[in-house]
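Atoms considered below: every heavy atom in the structure, side chains included; atoms not considered: hydrogens, waters and symmetry mates. Proteins come first, then strands; the chains are lettered A, B, ... in the order of their sequence lines, and each starts at number 1.
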2 protein chains.
Amino acid sequence: MTTTNQTEALPLRRRGPSMADVAREANVSGQTVSRVSNGRSNVDADTRERVLTAMRKLGYRPNSAARALRSGRFHSIGVIMFTLSSFGNMRTLDAIAVAAADAGYSITLIPVPHPTQGEVAGAFDRLSEEAVDGVIIIVEAHLLDENDVELPAGLPVVVVDSTAGDRYPMVDTDQAHGARLATEHLLGLGHRTVWHVAGPERSYSATHRREAWEQTLRAHGAEVPAALVGDWSSESGHAIGLELAKDPEVTAIFTANDQMALGVLRAMHESGRAVPAEVSVVGFDDMEESRSFWPPLTTVRQFFGEVGRRSVEALLSEVESGEREGSTLVATELIVRESTARPPA
Amino acid sequence: MTTTNQTEALPLRRRGPSMADVAREANVSGQTVSRVSNGRSNVDADTRERVLTAMRKLGYRPNSAARALRSGRFHSIGVIMFTLSSFGNMRTLDAIAVAAADAGYSITLIPVPHPTQGEVAGAFDRLSEEAVDGVIIIVEAHLLDENDVELPAGLPVVVVDSTAGDRYPMVDTDQAHGARLATEHLLGLGHRTVWHVAGPERSYSATHRREAWEQTLRAHGAEVPAALVGDWSSESGHAIGLELAKDPEVTAIFTANDQMALGVLRAMHESGRAVPAEVSVVGFDDMEESRSFWPPLTTVRQFFGEVGRRSVEALLSEVESGEREGSTLVATELIVRESTARPPA
DNA sequence: AGACTGCATGTTGACGTGAACATGCGAGCG
DNA sequence: CGCTCGCATGTTCACGTCAACATGCAGTCT
């Protein structure tokens with residue numbers, strides 16, 4: 001029996017050309033191809049050209065799996081998050097993706113469809129199998145606490161907008177600063193006090209905004225009305241706004257996000273209370289649309305892009321040099337538009 | 001010279017335990033560990049337990065790079081998109097991520113920060129090095145056409161909301177159907193004709209919506225006013241709305257997305273034209289906030305989740321069985337709220 | 001009893017890359 | 001002139017996994 005005809009059995013996917021193929025084509029060793037592929041300087045210009053030509057001719061593309069196996073680096077950052085359908089998360093993710101791309105990393109999304117115990121734990125389990133060098137977590141704090149999930153040891157982690165800042169480096173918007181800005185703006189206009197439409201009880205940012213609102217009120221000797229708790233949705237803002245509209249004492253409202261502010265605005269219109277003539281409203285986030293609300297919304301701008309950028313920076317610092325950074329706060333800015341004015345005389 | 005002390009030089013990152021370590025710990029061969037790791041059935045219950053224990057003890061996690069190298073599969077889907085800061089894109093991405101996770105795939109984001117020639121080409125180049133089994137492209141059509149970018153041959157592709165449906169399978173919302181629904185709704189209420197605030201000239205979905213609006217008008221023998229072109233932003237909707245508000249003939253406006261509709265609404269309020277008593281407005285998208293606009297917006301709901309799910313389905317069908325599917329259209333639904341009414345008598 | 005089957009488990013090698021370690025050649029220098 | 005140094009290039013091997021092919025053992029059938 002002579003050499004059987006070597007039937008190219010490969011029943012699976014056709015693999016692309018490898019370094020060896022390029023090497024053969026260019027008449028060099030595989031190592032030289034590797035050097036060219038990685039842009040090393042110690043290759044003769046002629047040789048380099050020959051290799052590049054061979055690469056183009058064969059349509060060679062480096063196999064990232066082999067590369068990762070060899071180097072232990074995936075050049076990818078995992079991002080664990082719940083729904084993307086939140087203005088802030090999305091903006092943050094966008095910035096993370098861009099910052100990562102600039103640094104030569106790609107983003108692997110690890111969604112947690114439903115924030116139940118099991119799902120969260122599942123996401124973290126799955127994480128073990130993901131090809132990532134580090135992880136950025138954008139998840140409501142209490143879910144991290146309740147699920148005492150164990151992150152794979154040795155995996156660099158940065159946490160955004162959440163507690164757990166004691167365990168991991170954290171990047172966050174300066175919630176308290178923003179809330180103070182909003183509250184003082186209203187107080188400064190002459191309002192006796194400021195009502196607050198808060199986010200969900202267990203949300204990290206909601207809690208911080210609420211506490212800062214309360215502290216600011218106290219610091220100014222203003223009465224502290226009970227906070228009204230919403231769920232971030234414009235719908236909940238609307239429901240709460242309807243209640244608030246009934247009380248003629250209410251002349252200033254600080255809403256924990258723009259979406260709820262939108263609902264409040266609608267409630268005021270429906271109740272025939274003029275904004276800002278009778279009632280002033282301040283939001284939080286400065287989403288794209290806020291300037292087109294009716295009236296255009298005075299709000300606290302968050303720099304999501306900055307948060308994303310800093311997260312990547314902090315994470316990559318740990319990934320690449322092992323240096324774990326401390327936590328960072330990103331400032332906020334008050335954007336005054338037309339939904340606030342002096343209280344009615 | 002005796003065996004030098006084998007200094008564990010590894011200067012780079014500490015690697016986690018490998019199959020070999022687990023095998024040693026559990027006193028089995030590496031292959032058996034592999035079998036357990038992949039849930040094969042042909043392993044004795046005792047042995048399996050022993051291996052699992054060893055895995056836990058050592059904190060073993062499979063190396064996906066090695067796995068991918070061996071199998072040629074990354075179990076990851078690349079998503080190429082511009083800014084995430086668009087309501088629709090984000091919702092679609094969310095659905096894609098969830099659908100992919102359900103199928104055991106993760107998502108690798110490949111952002112294209114600025115839609116310039118170079119950037120797009122760059123993203124596609126980078127793609128060559130990405131560890132993905134297939135790609136979903138969510139990019140404005142004209143950018144694909146203008147950049148005659150070459151996708152790596154043999155890489156399965158699905159295109160969302162774009163042309164290029166001739167080259168690749170496409171999944172899209174039935175734009176025309178939605179626009180017809182909106183236009184007919186207004187006509188049905190008794191409006192003489194319907195004005196249109198369109199999206200950017202070269203946007204695929206904007207064009208389809210606009211064409212369908214025009215055709216519907218013609219089909220009903222209604223006069224076709226010139227379309228006014230915005231850029232999707234609420235700000236542009238506001239500017240156009242201000243113009244429209246000046247013309248007392250205008251009683252019905254179909255806006256190509258909800259954000260521009262928000263701007264139109266604000267313009268009407270500022271101009272003292274009542275919605276819907278004097279002017280009716282219909283949007284497109286049904287974003288979360290639309291129900292809380294003032295007045296709540298009648299709009300065309302898009303099922304982004306469905307688009308995402310179908311994209312993944314189509315892509316994975318090609319990835320896993322090589323079967324290339326045709327293009328799909330996802331229906332839309334008209335959501336009637338309070339921004340539309342019969343024209344003033 | 002002998003051959004054969006089915007199953008758990010082990011051994012070998014290859015996937016594509018790149019670090020570490022050769023090799024080989026010409027220039028520079030005492 | 002002989003030695004060394006610098007540089008381009010080549011060779012070898014391991015990264016961790018899993019398919020393919022052994023091996024070995026307990027039943028089962030004729």
Side-chain angles (χ1 to χ4, degrees), chain A residues 6-51 54-55 58-75 128-131, chain B residues 4 6-51 54-55 58-75 128-129 131:
Chain A
Q6 181 77 1
T7 35
E8 15 75 279
L10 62 158
L12 275 177
R13 161 125 71 155
R14 205 191 73 67
R15 298 235 184 183
S18 73
M19 262 182 27
D21 300 313
V22 176
R24 205 172 310 117
E25 175 75 21
N27 230 320
V28 295
S29 74
Q31 185 56 211
T32 300
V33 177
S34 170
R35 282 191 264 255
V36 172
S37 177
N38 291 306
R40 294 290 145 72
S41 57
N42 52 347
V43 178
D44 187 79
D46 282 358
T47 314
R48 174 185 306 277
E49 204 44 58
R50 197 146 35 91
V51 171
M55 281 181 174
L58 268 45
Y60 168 77
R61 43 193 199 118
N63 180 315
S64 49
R67 217 170 237 192
L69 174 58
R70 189 66 246 264
S71 67
R73 286 284 167 71
F74 296 98
H75 282 276
S128 313
E129 311 195 348
E130 294 295 347
Chain B
T4 47
Q6 180 77 0
T7 35
E8 15 74 281
L10 61 159
L12 276 176
R13 160 127 71 156
R14 206 192 72 69
R15 297 234 184 182
S18 72
M19 262 183 26
D21 300 311
V22 176
R24 203 171 311 115
E25 175 75 21
N27 229 320
V28 295
S29 73
Q31 184 55 213
T32 300
V33 177
S34 169
R35 283 191 264 254
V36 172
S37 178
N38 291 305
R40 294 290 146 72
S41 58
N42 52 346
V43 179
D44 188 78
D46 281 358
T47 313
R48 174 185 307 276
E49 203 44 57
R50 197 147 33 93
V51 171
M55 282 180 174
L58 267 44
Y60 167 78
R61 42 192 200 117
N63 180 315
S64 47
R67 221 170 234 193
L69 175 58
R70 190 66 245 268
S71 69
R73 286 284 166 72
F74 297 98
H75 282 277
S128 312
E129 311 196 350

**Message:** If I take atom CG in residue B:D46 and atom P in nucleotide C:dC7, what distance separates them, rounded to the nearest angstrom?
**Reply:** 18 Å
**Prompt:** For B:D46, does its backbone N or O pair with a side-chain atom of B:D44 as donor and acceptor, under 3.5 Å?
**Reply:** yes
**Item:** Which nucleotide in C:dT17, C:dA19, D:dG16 has an atom nearest any side-chain atom of A:Y60
**Value:** C:dT17
**Item:** Backbone N/O of A:R67 and side chain of A:S71: donor-acceptor pair under 3.5 Å
**Value:** yes
**Minimum heavy-atom distance between B:A65 and A:L69, given as atom pair plus value** = CB-N, 3.6 Å
**Message:** How many whole angstroms separate atom CG of B:L69 from atom P of C:dG13?
**Reply:** 18 Å
**Item:** Atom pair distance, as rounded to whole Å: CZ in A:F74 and P in D:dC15
**Value:** 15 Å
**Request:** Compare the minimum distances between each of C:dT17, D:dA8, C:dA8 and the side chain of A:N42, then state the nucleotide with the smallest one.
**Result:** D:dA8
**Message:** I'd like to check A:M55 versus A:V33 (side-chain heavy atoms, cut-off strictly below 4.5 Å). Are they in contact?
**Reply:** yes
**Item:** Distance test, side-chain N/O of B:R70 to OP1/OP2 of D:dG16, below 4.0 Å
**Value:** no
**Request:** Specify the closest pair of heavy atoms between B:R40 and B:R48, including all atoms of both residues, with the distance to one decimal.
**Result:** O-NH2, 2.7 Å
**Request:** Report yes if at least one side-chain N or O of A:S71 is closer than 4.0 Å to OP1 or OP2 of D:dC15; otherwise report no.
**Result:** no
**Closest to the B:Q31 side chain, choosing from C:dT9, D:dG10, C:dT11** = C:dT11
**Request:** Could you state the atom-to-atom distance from CG of B:N63 to P of D:dT17 in whole Å?
**Result:** 6 Å
**Message:** If you take any heavy atom closer than 4.0 Å to DNA chain D, which residues from residues 34-41 of chain B end up in contact?
**Reply:** B:S34, B:N38, B:R40
**Asked** Want to settle it: does A:P62 or B:N27 sit nearer the 5' end of DNA chain C, counting the closest nucleotide to each?
**Response** B:N27
**Nearest listed nucleotide, side chain of B:D44, among C:dG16, C:dT9, C:dG18** = C:dT9
What pairs of donor and acceptor atoms, side-chain ones from residues 16-30 of chain B against any protein atom, are under 3.5 angstrom apart with sequence neighbours left out?
{"from": "B:S18", "atom 1": "OG", "to": "B:A20", "atom 2": "N", "distance (Å)": "3.2"}
{"from": "B:S18", "atom 1": "OG", "to": "B:D21", "atom 2": "OD2", "distance (Å)": "3.4"}
{"from": "B:D21", "atom 1": "OD1", "to": "B:R24", "atom 2": "NH1", "distance (Å)": "3.3"}
{"from": "B:D21", "atom 1": "OD2", "to": "B:S18", "atom 2": "N", "distance (Å)": "2.7"}
{"from": "B:E25", "atom 1": "OE2", "to": "B:K57", "atom 2": "NZ", "distance (Å)": "2.8"}
{"from": "B:S29", "atom 1": "OG", "to": "B:Q31", "atom 2": "N", "distance (Å)": "3.4"}
{"from": "B:S29", "atom 1": "OG", "to": "B:T32", "atom 2": "N", "distance (Å)": "3.3"}
{"from": "B:S29", "atom 1": "OG", "to": "B:T32", "atom 2": "OG1", "distance (Å)": "3.3"}

**Value in whole Å for how far the P atom of C:dG10 lies from CZ of B:R24** = 14 Å
**Request:** Can you pull out how bent the helix from C:dA1-D:dT30 to C:dG30-D:dC1 is, comparing the axes over its first five and last five pairs, to 10°?
**Result:** 50°
**Request:** Under 4.0 Å between any heavy atoms, over every strand shown, what does B:V33 touch: base, sugar-phosphate, or nothing? Just pick one.
**Result:** nothing
**Item:** Gap between atom CZ of A:R70 and atom OG of A:S64 - 0.5 Å precision
**Value:** 16.0 Å
